[in-house]
Visitor: 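Got a structure here, written out as structure tokens. Questions coming.
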Amino acid sequence: MPKASVEFNCASQTEIISLLPALKAFARRFERVDNDAEDLVQETVSKALCHLEQFQDGTSLKSWLFTIMRNTHCSNYKRRKREPVGYVSDLTEYQAAVTSTQDWSLRARDVQAAIDKLAPRNRDALLLVLGGTSYEEAAVICHCEVGTIKSRVNRARSHLCEMLGETKFSEAASLH
């Protein structure tokens, strides 16, 4: 670097330091939170020092710094609008709620035990209908009338409700 450029950089750095209070006041116009305003000042000064060679003699350093700050704020604002709230690193700490499978498996055991205790005719009719077989097809398989199958299924549901301690079939069918 030529000697004049080094002297200019030192003089400019000193002038930048003297402008810090004005930069902080200007940053408060953009950012209401003190830490955010200080971050904006820091980012502005960092960019200015990195690109000090682009500063043109005869122009106002204060105006140049304010322009950098305004442009930095606008860029950050646009980026924040595009990005989700928070940081990607925050997602690694986030524990998604996972429902416990223990309740389901215990409930399934209770239901299976109650089904096993049903009378064989009622259990067969219930399992056929729950399996997707129509009442008519179940009647043919069980060698009885459609009304008989409906009665057996209804009795099986009622007995299941009693054994599971439920008042309604919809409650017995749900896995709490």
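All values reported here derive from a predicted model rather than from experimental measurement.
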Visitor: For I16 and A48, work out which heavy atoms get closest and say how close.
Guide: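 Closest pair (atom of I16, atom of A48, distance): CD1-CB, 4.3 Å.
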Visitor: When you measure from the side chain of S18 to the backbone of E15, do you find a donor-acceptor pair of N or O atoms at a distance under 3.5 Å?
Guide: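 Yes, the answer is positive, given that a donor and an acceptor are paired below the 3.5 Å cut-off.
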Visitor: Do R157 and N154 pair up side chain to side chain, a donor and an acceptor below 3.5 Å, judged on atom types alone?
Guide: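 No, no side-chain donor-acceptor contact under 3.5 Å.
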Visitor: Applying the 4.5 Å side-chain criterion to the ILVMFWY set and letting contacts propagate, would V153 and V111 be lumped into a single cluster?
Guide: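 Yes: a chain of side-chain contacts under 4.5 Å links V153 to V111.
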Visitor: Tell me whether D34 is salt-bridged to R28, with the criterion being a basic N under 4.0 Å from an acidic carboxylate O.
Guide: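 Between R28 and D34 there is a salt bridge, with a charged N closer than 4.0 Å to a carboxylate O.
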Visitor: Rounded to the nearest 0.5 Å, how far apart are CG of N76 and CG of D39?
Guide: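 The CG atom of N76 sits 9.5 Å away from the CG atom of D39.
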Visitor: Which atom names give the shortest non-hydrogen contact between R152 and A125, and what distance separates them?
Guide: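 Between these two residues, the closest heavy atoms are CB-CB, 3.7 Å.
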Visitor: What about L160 and I149, same hydrophobic cluster or not, with Ile/Leu/Val/Met/Phe/Trp/Tyr joined at side-chain heavy-atom distances under 4.5 Å?
Guide: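 Same cluster.
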Visitor: If you draw a 6.0 Å radius around CZ in R123, do more than 12 non-hydrogen atoms from other residues or ligands fall strictly inside?
Guide: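 More than 12 within 6.0 Å, yes.
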Visitor: So, does S75 use its side chain to make a donor-acceptor pair with the main chain of N71 at under 3.5 Å?
Guide: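 Here the side-chain-to-backbone pair exists.
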Visitor: Show your working on salt bridge (charged side-chain N to carboxylate O under 4.0 Å, His left out) between R80 and E31 and close with a plain yes or no.
Guide: CA-CA 13 Å; R80 282 193 303 253; E31 301 289 349; 3.5 Å; yes
Visitor: If I take atom OG1 from residue T44 and atom CZ from residue R70, how far apart are they, to the nearest 0.5 angstrom?
Guide: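 Rounded to the nearest 0.5 Å, the OG1-CZ separation comes to 11.5 Å.
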Visitor: From E136 CD over to E145 CD, what is the distance, rounded to the nearest 0.5 angstrom?
Guide: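 So the gap between those two atoms works out to 11.5 Å.
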Visitor: Between V146 and L130, is there a shared hydrophobic cluster once you connect ILVMFWY residues whose side-chain heavy atoms come closer than 4.5 Å?
Guide: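 Same cluster.
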Visitor: At their closest point, which heavy atom of A27 faces which heavy atom of A37, and how far apart are they?
Guide: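 Heavy-atom minimum between the residues: CB-O, 3.6 Å.
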Visitor: Roughly how far, to the nearest 0.5 Å, is CG of L65 from CZ of F55?
Guide: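 Here the rounded value is 8.0 Å.
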Visitor: Are Y135 and V140 connected, step by step, through hydrophobic side chains (Ile, Leu, Val, Met, Phe, Trp, Tyr) whose heavy atoms are closer than 4.5 Å?
Guide: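 Result: no, two separate clusters.
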Visitor: What's the spacing between W64 CH2 and Q54 CD if we round to 0.5 Å?
Guide: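 Result: 7.0 Å between the selected atoms.
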Visitor: Hey, are the side chains of E38 and V41 touching, using non-hydrogen atoms and a 4.5 Å cut-off?
Guide: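 They are not in contact (no side-chain heavy atoms under 4.5 Å apart), so the answer is no.
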Visitor: Determine yes or no for a side-chain-to-main-chain donor-acceptor pair under 3.5 angstrom, with T72 supplying the side chain and I68 the backbone.
Guide: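 Side chain of T72 to backbone of I68, a donor-acceptor pair under 3.5 Å: yes, one is there.
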Visitor: Quick check: closest heavy atoms across Q56 and T59, and the distance to 0.1 Å?
Guide: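 Q56 and T59 have their closest heavy atoms at O-OG1, 2.6 Å.
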Visitor: Say whether, by atom type as modelled, one donor and one acceptor occur between the side chain of T148 and the main chain of C144 under 3.5 angstrom.
Guide: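 Flag not set: sc T148 to bb C144 has no pair under 3.5 Å.
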Visitor: Would L118 and D124 satisfy side-chain contact (heavy atoms from CB on, under 4.5 Å), going step by step from the backbone distance to the final call?
Guide: CA-CA 9 Å; L118 292 173; D124 293 343; over 6 Å; no
Visitor: To the nearest 0.5 Å, what is the distance between CD1 on I141 and CG on L128?
Guide: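 Nearest 0.5 Å value for the CD1-CG distance: 5.0 Å.
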Visitor: Please say whether more than 12 non-hydrogen atoms of neighbouring residues, nucleotides or ligands are located less than 6.0 Å from NZ in K47.
Guide: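 Atom NZ in K47 is crowded, with more than 12 foreign heavy atoms closer than 6.0 Å.
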Visitor: If Ile, Leu, Val, Met, Phe, Trp and Tyr residues are connected whenever their side-chain heavy atoms lie under 4.5 Å apart, and connections chain through other members, are L40 and L49 in the same group?
Guide: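 Result: yes, single cluster for both.
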Visitor: Would you mind checking if R107 and E166 are paired as a salt bridge, meaning a charged N to carboxylate O distance below 4.0 Å?
Guide: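 Salt bridge present between E166 and R107.
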